[in-house]
There are 2 protein chains.
Amino acid sequence: MATGSSADDDARTLHQQVLARLRENILLGRIEPGQALTIRGLAAELGVSAQPVREALRQLVAERALELMDNRRVRIPPMTIERFEDLIAARIVLEAEAAARAMPYVTESLIGRLEAEDAAVNTAVAERDYDRWIGANYAFHSMLYGAAGQSAFLPLIESLWLQVGPFLRRAIRTISGHYTVDRHNEALAALRRRDTMALRIAIEADIRDGIAHIGSTLIRSEALGAGTGADAVRGPSTSSGRAGVVSEAV
Amino acid sequence: MATGSSADDDARTLHQQVLARLRENILLGRIEPGQALTIRGLAAELGVSAQPVREALRQLVAERALELMDNRRVRIPPMTIERFEDLIAARIVLEAEAAARAMPYVTESLIGRLEAEDAAVNTAVAERDYDRWIGANYAFHSMLYGAAGQSAFLPLIESLWLQVGPFLRRAIRTISGHYTVDRHNEALAALRRRDTMALRIAIEADIRDGIAHIGSTLIRSEALGAGTGADAVRGPSTSSGRAGVVSEAV
DNA sequence: CATGCCGCCATGTGATCACATTTTTGCGGG
DNA sequence: CCCGCAAAAATGTGATCACATGGCGGCATG
């Protein structure tokens, strides 16, 4: 428990480990939008020096998962309705195209693995397990788009997921209510028929269904994660002894 | 010459200045794919310490403009035909959509500025000025897509430009020969008529026309920027006293 | 009791150092 | 003349330090 390191951690650099952990926490919505993200604080939490944290934060800023404010502090970019619709539009065009381009590489084996992941999604929904829901959902999409091998689409799509991730969790209750139609099943059916157009439609519907209701959430709370300025951005000023942005030490 | 700093350089951090310079040099194809990119070397060239360079390199890796190899060294990702077609496909879907979404914000003033930029493109083509050709071309597209204000599309598109940038220059001679139809004019005409579909078509045609011929270049030189491994990646081992990746000191 | 000012503390930034690893170079043997 | 091995140089990584900036609370004052 002291280290919590997985087997091949030392194969990657510290900054890569920090980056992976932060990225996961952002994607799964474990980091609250207003939360203070300080280099020294995160370094202390993770038990590393400031150096790897700095580089990880820079990388996440480059991926638009984080935002560098004028005061040179880093935060999760506040969400607005306009930005959210923008992100959804980008997700739809990119992911529909990525899915279509993956079609030639779809095998029975892949469909099987997708079905397994879809089952995991459904289980997570039934159990109200937020982390696993988002994680399995991302795994489903990622597995599909990655069927064609490494592609320039993947990092772009991941960047978009990282931007919406922090705001998914708070809309998830709404989703559970509306999640009547299983778009993943429609996508799987399209894959079995090798119907590219139906796949595109299913993907787009899945994206819209899954997160379209965040808009209303946004309207209610009006600009999640602080407004345009730097107000309400900082948590407790001290970096030690609080909840913890990351689960445990690296 | 000693500093070469512009007026408001001190408003930005050193790492941002280094990042901007490296990014520009990559986008304009001034950095050769096989060229050695070492932290200390770049730091010496730019007259800064290693720290800002490290962070800039990390950010460019995140944007996929650079690639982190297994030996932990950084290079411009080698280009293959598959990757190139992938990048073009991503550019088309993203930029066509971005252009369509910009349409409601198109004003006469914007069209005027676009015309000016298009004129700069044509001048650069006539004068065989590679840097200005790419730069003005990027400015044209960027200005159009940015009409709607900040959008999640912009950084994604910029990432794609950064990935193709280093390979544009060597195909530019081919382009000059084929550049008979001015797709920018078609785009401008579509903008004047507020014809979104025509705009999409013009943008797609522009992308295809401008760079589609690189494919043949790739076939001739077969995997630009070294093969799959790490061969031929390094330039002269010493970092000082060579051509210079960046134009001058920061 | 409200308000504005001042000083302290935390934070980001840049530079530098030590160490492990990789790469290059030079030399000896086949 | 070519190949392989060992020494040497170079590079990336992580840690730490000094400094400037900014935010926050305490304190004096009206």
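In what follows, chains are A, B, ... by sequence order, proteins preceding strands, each numbered from 1. The structure presented is a predicted model; accordingly, all values stated were derived computationally and were not measured.
The only option from B:Ile26, B:Leu22, B:Leu162 that meets the side chain to side chain contact (heavy atoms under 4.5 Å, CB included) definition with B:Leu66 turns out to be B:Ile26.
Looking only at side-chain heavy atoms (C-beta outward), A:Leu156 and A:Leu160 stay at 4.5 Å or farther from each other.
Rounded to an integer number of Å, the gap from CD1 of A:Ile39 to P of D:dC19 is 19 Å. D:dA20 atom P lies 13 Å from atom CZ of A:Arg72, rounded to whole Å. C:dT11 atom C1' lies 16 Å from atom CG of A:Asp70, rounded to whole Å. When the C1' atom of D:dT21 is taken as reference, atom CE of A:Met69 falls 14 Å away, rounded to whole Å. Whole-Å rounding puts the B:Leu57 CG to D:dG12 C1' distance at 11 Å. Rounded to whole angstrom, the span from the NE2 atom of B:His15 across to the P atom of C:dT13 amounts to 8 Å. Look at CZ on A:Arg58: it is 5 Å from P on C:dT13, rounded to the nearest Å. Nucleotide D:dT13 holds its P atom 14 Å from the CZ atom of A:Arg12, rounded to whole Å.
A sub-4.0 Å separation between OP1 or OP2 of D:dG12 and a side-chain N or O of B:Asn71 is absent.
For A:Gln17 (side chain) and A:Arg12 (main-chain N/O), a donor-acceptor pair under 3.5 Å exists by modelled atom type.
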Next on the checklist: side-chain hydrogen bond (donor to acceptor under 3.5 Å, both in side chains) for B:Arg83 and B:Gln163? Distances and angles first, verdict last.
Outcome noted: CA-CA 10 Å; B:Arg83 189 167 98 93; B:Gln163 292 182 65; 3.0 Å; yes

Atom pairs, protein N/O to nucleotides 15-18 of chain D N/O, distance under 3.5 Å:
unit_1: D:dA15; atom_1: OP2; unit_2: A:Ser49; atom_2: N; d: 3.1
unit_1: D:dA15; atom_1: OP2; unit_2: A:Ser49; atom_2: OG; d: 2.4
unit_1: D:dA15; atom_1: O5'; unit_2: A:Ser49; atom_2: OG; d: 3.3
unit_1: D:dA15; atom_1: N6; unit_2: A:Gln51; atom_2: OE1; d: 3.4

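Counting heavy atoms of neighbouring residues, nucleotides and ligands inside a 6.0 Å radius, atom CD of A:Gln16 exceeds 12 of them.
Using a 3.5 Å distance cut-off with no hydrogens or angles, the side chains of B:Gln51 and B:His15 do not pair a donor with an acceptor.
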